[in-house]
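Okay, so here's the structure we're looking at.
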Amino acid sequence: MGESQSRHLLGIAGLERPAIQALLDRAAAMQRRPPEKLLAGRRVLVLFYEPSTRTRTSFEVAARRLGAETVSVTASASSIEKGESLLDTVYTLRAMAVDAIIMRHGESGAPFLVARHVDVPVINAGDGMHEHPTQALLDAFTILRHKGRIAGLNVAIVGDILHSRVARSNLWLLSRFGARVRLCGPPSLLPAEFAALGAGIECHHQLEPALDGADVVMVLRIQMERMREAFFPSEAEYVHYYSVTAERLRLARPDAIVMHPGPMIRGVEIGAEVADSPQSVIREQVENGVLIRMAVLEQLLAPAEAAEKSA
Ligand code: ASP
């Protein structure tokens with residue numbers, strides 16, 4: 001899995017295409033046939049320094065379905081609040097014989113730092129504005145379920161691109177698999193550097209051309225918690241220009257799917273009628289998240305046993 005990544009899952013940027021494909025294939029196989037409890041007797045630490053509903057629960061469900069025990073630590077209910085350093089916390093918890101660390105942190109790069117100091121796999125469940133690799137994997141899995149391919153698709157990613165780790169991980173993955181990615185948001189939330197990222201990536205400050213003929217519309221939340229200043233004049237103005245409403249969605253292909261990593265703020269980045277429309281695959285993304293996270297945990301914690309079982 002790239003970098004020191006054969007032992008960890010830190011980001012999509014460090015993953016080669018075959019490693020990504022293997023995880024997608026394994027998740028698909030697990031959907032057809034539930035996996036065996038290959039992680040029985042193993043203990044997984046779920047260490048979250050930022051709030052989460054879907055990702056944390058999804059990792060816990062995935063680990064338990066594979067037979068592992070989970071230990072969850074959240075910042076607000078631990079010594080983290082008392083100012084313990086990240087590495088001290090990790091060393092303390094590692095001493096409780098955990099076999100893997102799944103972590104979310106507000107600082108970009110935090111899981112990379114931890115990975116250098118522990119002898120167990122580290123899985124990045126979101127680091128600051130940087131990466132959210134399992135989200136991109138489950139998004140790719142969901143797109144494949146509906147479209148059968150990624151290459152050649154027009155994928156519009158709309159909203160707060162600047163602060164979004166979901167946008168970054170998806171951008172790496174989708175462009176590596178040959179999609180045309182159209183990023184769209186106000187100039188303050190979609191700086192010009194993104195246009196320089198490479199072939200197949202377009203930047204739009206208007207929603208209409210970004211949606212025109214799109215196969216996939218991925219909507220992102222405005223990450224208020226990462227903003228120390230105002231990035232747009234008012235919520236009403238944002239809604240006016242960038243909210244994905246039913247009327248605007250008609251610009252996309254009639255069979256376009258609508259995605260959102262959650263949490264979604266209805267009436268702001270997405271209209272309620274779009275969130276609940278037959279084109280929305282938002283709930284399916286959540287279901288697929290468990291499959292992808294099982295595939296990741298199995299790959300990192302029991303690769304040999306998994307290969308033997310699937311032989
Ligand atoms: N749940 C996603 C994340 O943790 C998206 C979001 O919070 O808006 O990055």
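These numbers were taken from a predicted model, which means no experiment stands behind them. Note that ligands are numbered from 1 as they come in the structure, with each ligand's atoms numbered from 1 the same way.
- Atoms of ligand 1 found under 4.0 Å from any heavy atom of H132 (numbered from 1 in listed order, with element): 3 (C), 4 (O), 9 (O).
- Contacts with ligand 1 closer than 4.0 Å are made by no heavy atom of R54, backbone or side chain.
- Regarding atom 7 (O) of ligand 1, its nearest protein heavy-atom neighbour is R221 NH2, 3.0 Å.
- Put simply, the side chain of D127 never gets that close to the backbone of P111: no donor and acceptor are under 3.5 Å apart.
- Listed by number with element, the atoms of ligand 1 under 4.0 Å from a non-hydrogen atom of G262 are 1 (N), 2 (C), 5 (C), 6 (C), 7 (O), 8 (O).
- Of all atoms in ligand 1, listed by their number and element, those nearer than 4.0 Å to a heavy atom of R104 are 4 (O).
- The OG atom of S169 sits 7.5 Å away from atom NE2 of H130, with the distance rounded to the nearest 0.5 Å.
- Using a 4.0 Å heavy-atom cutoff, S164 is absent from the residues neighbouring ligand 1.
- The protein atom (non-hydrogen) at minimum distance from atom 4 (O) of ligand 1 is R165 NH2, 2.8 Å.
- The closest side-chain heavy-atom distance from M259 to D139 is below 4.5 Å.
- Atoms CZ and CG, from R32 and L291 in turn, are 11.0 Å apart once rounded to the nearest 0.5 Å.
- Listed by number with element, the atoms of ligand 1 under 4.0 angstrom from any heavy atom of V166 are 2 (C), 5 (C), 9 (O).
- Between F231 and H163, the ring planes lie perpendicular to each other; the angle is over 60°, past the 30° to 60° tilted range.
- For the pair R43 and D99, the salt-bridge criterion is not met [side-chain N within less than 4.0 Å of a carboxylate O].
- Ring geometry for Y238 against F232 counts as tilted: the plane angle lies between 30° and 60°, on a 0 to 90° scale.
- Under a 4.0 Å heavy-atom criterion, Q223 is in contact with ligand 1.
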